[in-house]
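The block underneath contains the structure these notes are about, expressed in structure tokens.
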Amino acid sequence: MTAVPTQSSLPATPRPSTDAAFDQELCGLVLDTAPRLFAIVQVCGEGLADADGWVAAWGFADDSGSTYITGIDGYTRMTLTSPERAVHHFSRQPGITARLVWLAQPTAAATDRAKAA
């Protein structure tokens with residue numbers, strides 16, 4: 001792969017690739033470097049028959065452990081050293097616990113949005 005092109009060298013409109021081998025290489029690169037995605041779920045009344053849970057935030061963590069969180073309210077944003085640190089931030093209210101729910105590691109990628117759906 002080459003260095004990132006300067007803004008002036010980028011094409012005005014994206015052009016579909018005609019090189020299937022290169023597209024496959026790019027998809028492999030994306031899969032190899034994809035961050036791990038997770039949700040932070042809050043639970044009220046954990047262990048009780050009427051316990052309730054909801055997704056409070058979404059996050060991703062890269063290989064270095066850096067973690068980026070966005071609350072579903074659209075206002076909460078955090079950069080932390082690990083996903084586990086996020087659980088602490090969402091467990092501060094009495095009677096509310098929080099946990100991580102990890103999404104499975106992606107196994108496919110596509111250069112076409114429709115094919116990725």
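For the numbers below, each heavy atom of this structure counts, side chains included, while hydrogens, waters and symmetry mates do not. Sequence positions, counted from 1, serve as the residue numbers for this chain.
Asp23 places no side-chain N or O within donor-acceptor distance of the main-chain N or O of Leu26, the cut-off being under 3.5 Å. Judged by distance alone, with hydrogens and angles left aside, the side-chain atoms of Ser91 form no donor-acceptor pair with the main-chain N or O of His89 at under 3.5 Å.
For the atom pair OH of Tyr68 and CG of Leu80, the computed distance is 10.0 Å after rounding to the nearest 0.5 Å. Here the CD-CG distance, from Glu25 to Asp19, works out to 9.0 Å after rounding to the nearest 0.5 Å. Here the straight-line distance linking atom OG1 of Thr70 with atom OH of Tyr75 works out to 13.5 Å at 0.5 Å rounding. Taking CZ of Arg36 as the start and CZ of Phe60 as the end, the distance is 13.5 Å to the nearest 0.5 Å. To the nearest 0.5 Å, atoms CD1 (Ile69) and CH2 (Trp58) are separated by 11.5 Å. Distance check, rounded to the nearest 0.5 Å: CG of Asp52 to SG of Cys44 gives 7.0 Å.
Criterion: ILVMFWY side-chain heavy atoms under 4.5 Å apart, direct or through other members. Under it, Phe90 and Val87 are part of a common hydrophobic cluster. Note on Val101 and Met78: separate hydrophobic clusters, where clusters join Ile, Leu, Val, Met, Phe, Trp and Tyr whose side-chain heavy atoms are under 4.5 Å apart, directly or indirectly.
Around the CZ atom of Arg113, the shell of radius 6.0 Å holds no more than 12 heavy atoms that belong to other residues, nucleotides or ligands. Heavy-atom contacts from other residues, nucleotides or ligands closer than 6.0 Å to CD of Gln105 number more than 12. Annotation: Glu84, atom CD; neighbour count of heavy atoms from other residues, nucleotides and ligands within 6.0 Å is above 12. Heavy-atom neighbours of Asp63 CG from other residues, nucleotides or ligands within 6.0 Å: at or below the threshold of 12.
Using a 4.5 Å cut-off on side-chain heavy atoms (C-beta onward), Ile40 and Val55 make no contact. Between Cys27 and Thr111 there is a side-chain heavy-atom pair separated by less than 4.5 Å. Proximity of Leu31 to Pro106: side-chain heavy atoms (C-beta onward) are separated by under 4.5 Å at one or more points.
When all heavy atoms of Ala109 and Val30 are compared, the closest pair comes out as CB-CG1, 4.5 Å. Between Thr67 and Phe38, the shortest heavy-atom contact is CG2-CZ, 3.6 Å. The minimum heavy-atom distance between Ala61 and Pro83, with the atom names listed, is CB-CG, 3.9 Å. Considering all non-hydrogen atoms of both residues, Asp62 and Ser64 come closest at OD1-OG, 2.6 Å.
For residues 38-51, every residue pair satisfying the side chain to side chain donor-acceptor pair (under 3.5 Å) rule, not counting sequence neighbours, is listed here: Gln42-Trp54, Glu46-Thr97, Glu46-Arg99.
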